[in-house]
Amino acid sequence: MKSIIHAERAPAAIGPYSHGTSYGNLIFTSGQLPVCKEKGGVVEGGISEQSVQCLENLKYVIEAGGGSLETVLKTTCYLNEISDFAAFNEVYKTYFKTDCPARSCFAVKDLPLGVKVEVEAIAHVHA
């Protein structure tokens with residue numbers, strides 16, 4: 001049975017979707033933007049600052065679903081500019097240090113709110 005995940009620490013969805021859903025022991029997140037719930041908008045700064053906020057929001061959603069960054073199986077990462085790939089990786093590797101999940105990462109034409117990065121994931125619930 002599908003369950004809706006709501007993460008108190010993550011910013012509200014900007015459209016008709018949930019933070020994530022779970023089915024059985026799997027967690028599927030919506031794409032997380034670099035929006036700070038506490039500050040009420042897109043974080044200031046470049047790709048590094050935005051990547052940190054995206055990954056923090058992703059962590060909040062996965063934890064609300066009963067998982068953790070260690071239970072992430074796959075991420076999909078969208079960059080506004082492929083030239084940000086190296087800087088994004090520098091941040092990404094501080095969140096996924098060992099046994100890294102499978103990943104797709106590519107540049108897209110535009111992202112919501114004019115942000116530089118968006119990240120989504122599939123994870124599993126802690127055993």
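Keep in mind that what you see is a predicted model, and the values were worked out from it rather than measured. By convention here, the first residue in the shown sequence is residue 1. Just so you know, these numbers use all the heavy atoms, side chains as well, and skip hydrogens, waters and symmetry mates.
Between V115 and N80, the shortest heavy-atom contact is O-ND2, 3.3 Å. The nearest pair of heavy atoms linking Y78 to V108 is CD2-CG1, 3.8 Å. P101 and V72 get closest at one heavy-atom pair: CB-O, 3.4 Å. The nearest pair of heavy atoms linking C54 to Q32 is SG-O, 3.2 Å. The shortest heavy-atom contact between A12 and H19 is CA-NE2, 4.3 Å. Smallest separation of non-hydrogen atoms from H124 and L73: CD2-CD2, 3.8 Å.
Atom CZ of F106 has more than 12 neighbouring heavy atoms from other residues, nucleotides or ligands inside a 6.0 Å radius. Crowding of K74 atom NZ: a count of heavy atoms from other residues, nucleotides or ligands under 6.0 Å exceeding 12.
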Please report the C-alpha distance between V117 and C77 in whole Å, then the side-chain angles of each, then the deciding distance to 0.1 Å, and finally whether the side-chain contact (heavy atoms from CB on, under 4.5 Å) criterion is met.
CA-CA 7 Å; V117 60; C77 310; 5.6 Å; no
Residues F28, E120; criterion side-chain contact (heavy atoms from CB on, under 4.5 Å); working and verdict
CA-CA 8 Å; F28 302 86; E120 64 184 32; over 6 Å; no
Passes side chain to side chain donor-acceptor pair (under 3.5 Å), S51 versus K116? Steps please.
CA-CA 8 Å; S51 297; K116 295 181 173 294; over 6 Å; no
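In the hydrophobic clustering of ILVMFWY residues, with side-chain heavy atoms under 4.5 Å counting as a link, Y60 and L69 come out apart. Hydrophobic clustering of Ile, Leu, Val, Met, Phe, Trp and Tyr side chains at less than 4.5 Å, counting indirect connections, keeps Y17 apart from I62. No single ILVMFWY cluster, assembled from side-chain heavy atoms under 4.5 Å apart, contains both L79 and V43. Residue L33 is not grouped with residue I47 when hydrophobic side chains (ILVMFWY) are merged at heavy-atom distances under 4.5 angstrom, including chains of intermediate members.
Atoms OG1 and CG, on T94 and N89 in that order, are 11.0 Å from each other to the nearest 0.5 Å. Here the CG atom belonging to L26 is positioned 14.0 Å from the NZ atom belonging to K2, to the nearest 0.5 angstrom. Here the CD-CZ distance, from Q50 to F88, works out to 11.5 Å after rounding to the nearest 0.5 Å.
Looking at heavy atoms from C-beta onward, T29 lies out of side-chain contact with N57 at the 4.5 angstrom threshold. Considering only heavy atoms from C-beta on, H126 comes within 4.5 Å of S68 through its side chain. By the 4.5 Å heavy-atom criterion applied to side chains, L58 and Y95 are not counted as neighbours. At a threshold of 4.5 Å between non-hydrogen side-chain atoms, the residues V125 and I27 count as touching. With contacts defined as side-chain heavy-atom distances shorter than 4.5 Å, the pair I5/S18 does not qualify.
Under a 3.5 Å cut-off, the side chain of E49 and the backbone N or O of G46 do form a donor-acceptor pair.
Relative to the ring axis of F96, R103 does not place its NZ or CZ within 45° and under 6.0 Å from the centre.
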